[in-house]
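Here the structure is a predicted model, which means the values were calculated and not measured.
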Amino acid sequence: MLFFRMPKVLFTEPCFDHLSIAAKVLYGLMLDRMQLSVRNEWFDEEGRAFIYYTLKNIQKDLRCANQKATKLLVELETIGLIERKNPGQGKPTMIYVKKFDGVL
């Protein structure tokens, strides 16, 4: 049986109270993908690990519509848990999943 790990602090620290449950779950899924990216040595030119997680895949994993998936990404980006970088030319968006100091 497989499990996704979720940082408990997302549910216990007041600074994350306004973050939706779905955004917290998405962050947990992204952390899981980060482990795979590190193992596969997916690093950018600055040595930072990143993931690819398309809107389509987020929609599939969370059973939600495009608008909801987009909203969740904005939630995570606004609070600083992720950073998105669009490399352009039809390439998928790179997502940097950030840790928050003193918590993870």
- Query: In Å and rounded to the nearest 0.5 Å, what is the CG to CG distance from L26 to L31?
  - Reply: 10.0 Å
- Point-to-point distance, once rounded to the nearest 0.5 Å, from CG of N57 to CD of Q59: 9.0 Å
- Here the pair of heavy atoms bringing R63 nearest to K60 is NH1-O, 2.6 Å
- Task: Taking the six-membered ring of Y96 (Phe, Tyr or Trp), confirm whether the NZ or CZ of K85 is under 6.0 Å from its centre and within 45° of its axis.
- Result: no
- Item | Y52-I82 co-clustered via ILVMFWY side chain contacts under 4.5 Å | no
- Message: Hydrophobic cluster membership, with links at side-chain heavy-atom distances under 4.5 Å among I/L/V/M/F/W/Y: are F11 and I79 in one?
- Response: yes
- Applying the 4.5 Å side-chain criterion to the ILVMFWY set and letting contacts propagate, would V9 and M34 be lumped into a single cluster? yes
- Between the CG atom in L72 and the CG atom in L62, the distance rounded to the nearest 0.5 Å is 6.5 Å
- Taking side chain as C-beta onward, heavy atoms only, is V97 less than 4.5 Å from Q35? no
- Smallest heavy-atom separation, L76 atom then M30 atom, equals CD1-SD, 4.1 Å
- Connected via hydrophobic side-chain network under 4.5 Å: L10 and F4: yes
- Query: What is the minimum heavy-atom distance between A69 and L55, and which atoms define it?
  - Reply: CB-CD2, 3.7 Å
- Looking at P87 and M94, what are the two nearest heavy atoms and their distance? CD-N, 4.3 Å
- Task: Measure from the side-chain N and O atoms of N40 to the backbone N and O of W42, and report whether any donor-acceptor pair falls under 3.5 Å.
- Result: no
- In Å and rounded to the nearest 0.5 Å, what is the OH to CG distance from Y27 to L19? 10.5 Å
- Output the distance between atom CG (L81) and atom CG (L73), rounded to the nearest 0.5 Å. 12.0 Å
- Item | Distance in Å, K71 NZ paired with C64 SG, rounded so as to fall on 0.5 Å steps | 10.5 Å
- Closest contact, heavy atoms only, F50 versus S37: O-OG, 2.7 Å
- So which heavy atom on G80 is nearest to which on K98, and how close? O-CD, 3.4 Å
- Item | T70 and N66: CA distance, side-chain angles, deciding distance, side chain to side chain contact (heavy atoms under 4.5 Å, CB included) verdict | CA-CA 6 Å; T70 301; N66 182 292; 3.4 Å; yes
- Query: Does a sphere of radius 6.0 Å around CD in E45 hold more than 12 heavy atoms from other residues, nucleotides or ligands, not counting ones at 6.0 Å or beyond?
  - Reply: yes
